[in-house]
Undergrad: 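Input: one structure, supplied below.
The structure presented is a predicted model; accordingly, all values stated were derived computationally and were not measured. Values below: every heavy atom of this structure, side chains too, minus hydrogens, waters and symmetry copies.
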Amino acid sequence: MTEVHFITSIKRRLKSLAKRYRQSQRDIQPILENLQTGNFVGDKIPGISMTAFKVRAKNSAVSVGKSGGY
């Protein structure tokens, strides 16, 4: 089982998005589950001491795709 941690700026952004888009937690939950089970999705960020991934999630309230997501 892998631990998933958010940096402070992402926590802040997710909190503000949750006010605007009520289903944001539900949209992000599958990605968190994948990361916790070891299925590393997204792009690995090179050059840092920890393993970090940049992941985009589709916003189900907007019909644009991942580019209009989180």
Undergrad: List in chain and number order the residues that pass side-chain contact (heavy atoms from CB on, under 4.5 Å) with D43, two or more places apart in sequence or in another chain; answer none if no residue qualifies.
TA: none

Undergrad: Might you point out which heavy atoms bring Q36 and V4 nearest each other, and give the distance in Å?
TA: CG-CG2, 3.6 Å

Undergrad: What residues, two or more places apart in sequence or in another chain, satisfy side-chain contact (heavy atoms from CB on, under 4.5 Å) together with T51?
TA: K44, F53

Undergrad: With sequence neighbours left out, what residues match Q25 under side chain to side chain donor-acceptor pair (under 3.5 Å)?
TA: Q29

Undergrad: Could you list all the ring pair (Phe, Tyr, Trp, His ring centres under 6.0 Å) pairs where at least one residue sits in residues 2-30, not counting sequence neighbours?
TA: none

Undergrad: Can you see which heavy atom on S24 is nearest to which on A18, and at what distance?
TA: OG-CA, 3.5 Å

Undergrad: Applying side-chain contact (heavy atoms from CB on, under 4.5 Å), can you list everything that pairs with K15, at least two apart in sequence or on another chain?
TA: none

Undergrad: Do I7 and L14 share a hydrophobic cluster, counting only Ile, Leu, Val, Met, Phe, Trp and Tyr and linking them when any side-chain heavy atoms are less than 4.5 Å apart?
TA: yes

Undergrad: What residues form a side-chain contact (heavy atoms from CB on, under 4.5 Å) with V41, not counting sequence neighbours?
TA: I31, N34, L35, V55

Undergrad: From L17 CG over to I28 CD1, what is the distance, rounded to the nearest 0.5 angstrom?
TA: 7.5 Å

